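Just below is one structure, and these are the notes that go with it.
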Amino acid sequence: MNIFRLAGDMTHLASVLVLLLKIHTIKSCAGVSLRTQELYAIVFATRYLDIFTSFVSVYNTFMKLVFLGSSFSIVWYMRYHKAVHRTYDREQDTFRHWFLVLPCLVLALLIHEKFTFLEVLWTFSLYLEAVAILPQLVLLQRTRNIDNLTGQYIFLLGGYRGLYILNWIYRYFTEPHFVHWITWIAGLVQTLLYADFFYYYFLRFIGGRGVE
Amino acid sequence: NKNDVTKDEL
């Protein structure tokens, strides 16, 4: 574990907590894409299949449970909790996210490190996570103005993988044989997709107003 | 082996 990866995990955790805070306390998911949340639930479900078979550390297992539990409960809240569901913007959140799942699965079947069930699904989760934010970014452009909590959520979610890139650079230079092109390229694409969001976020953040 | 190294990340 290095400071970049710890910062990345904490940033990821913070993004999830900000979203849960917004949904649980003010019972609102305005501006949040249910489709992105559904994709993230699939990402964690296919990435953490080894949670029962390979133990890395208490921290690792605990964080996996947190991400699994939070992503599924956020989907549950947005789908079935009547107060929260009412604030869900169904008409605007129309990105065909299932069209993202199949290409990622095909790509994982073609490009992976090992051709095993767990490894292919794990690779699939990497590809899917790289594009999972697209429905949210599209919704963001349609709803124009979003509240600060949603803006913070997206900022933290985009930032965590950027910190992971620093972690991979650090590990590449400090650990022999630490080369994982698939993870690195997927992580880079994922972070680059946030580029224009970060641009507007900093513009607004510096201006002290909400994110538009 | 190197794959375990990969899987120690979230």
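Keep in mind that the numbers below use all heavy atoms, side chains included, and drop hydrogens, waters and symmetry copies. The structure displayed is predicted, hence computed values, not measured ones. A note on names: the letters A, B, ... follow the listed sequences, proteins ahead of strands, and every chain is numbered from 1.
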Response to the item:
Closest heavy-atom pair, A/N60 versus B/D8, reported as atoms and distance to 0.1 Å, is ND2-O, 3.3 Å
Worksheet item: Charged N to carboxylate O below 4.0 Å: is that the case for B/K7 and A/E119?
Response: yes
Worksheet item: If we only count heavy atoms from C-beta on, is the B/L10 to A/H12 side-chain gap below 4.5 Å?
Response: no
Item to complete: Report the C-alpha distance between B/E9 and A/R47 in whole Å, list the side-chain angles of each, state the deciding distance to 0.1 Å, and finish with yes or no for salt bridge (charged side-chain N to carboxylate O under 4.0 Å, His left out).
Response: CA-CA 10 Å; B/E9 295 185 348; A/R47 183 166 310 173; over 6 Å; no
Discussion item. Given heavy-atom pairs under 4.5 angstrom as the criterion, report whether the side chain, backbone, both or neither of A/D9 touches chain B.
Written reply: side chain
Discussion item. Can you confirm whether more than 12 heavy atoms, excluding those of A/Y172, are under 6.0 Å from its OH atom?
Written reply: no
Discussion item. Counting only heavy atoms not in A/Y199 (residues, nucleotides, ligands), do more than 12 fall under 6.0 Å from its OH?
Written reply: no
Practice prompt. Could you tell me whether A/W181 atom CH2 has more than 12 heavy atoms of other residues or ligands within 6.0 Å of it?
Written response: no
Item to complete: Return yes when atom OH of A/Y170 has more than 12 non-hydrogen atoms of other residues, nucleotides or ligands closer than 6.0 Å, and no otherwise.
Response: no
Worksheet entry | Heavy-atom contact with chain B under 4.5 Å, split by part of A/F44 | neither
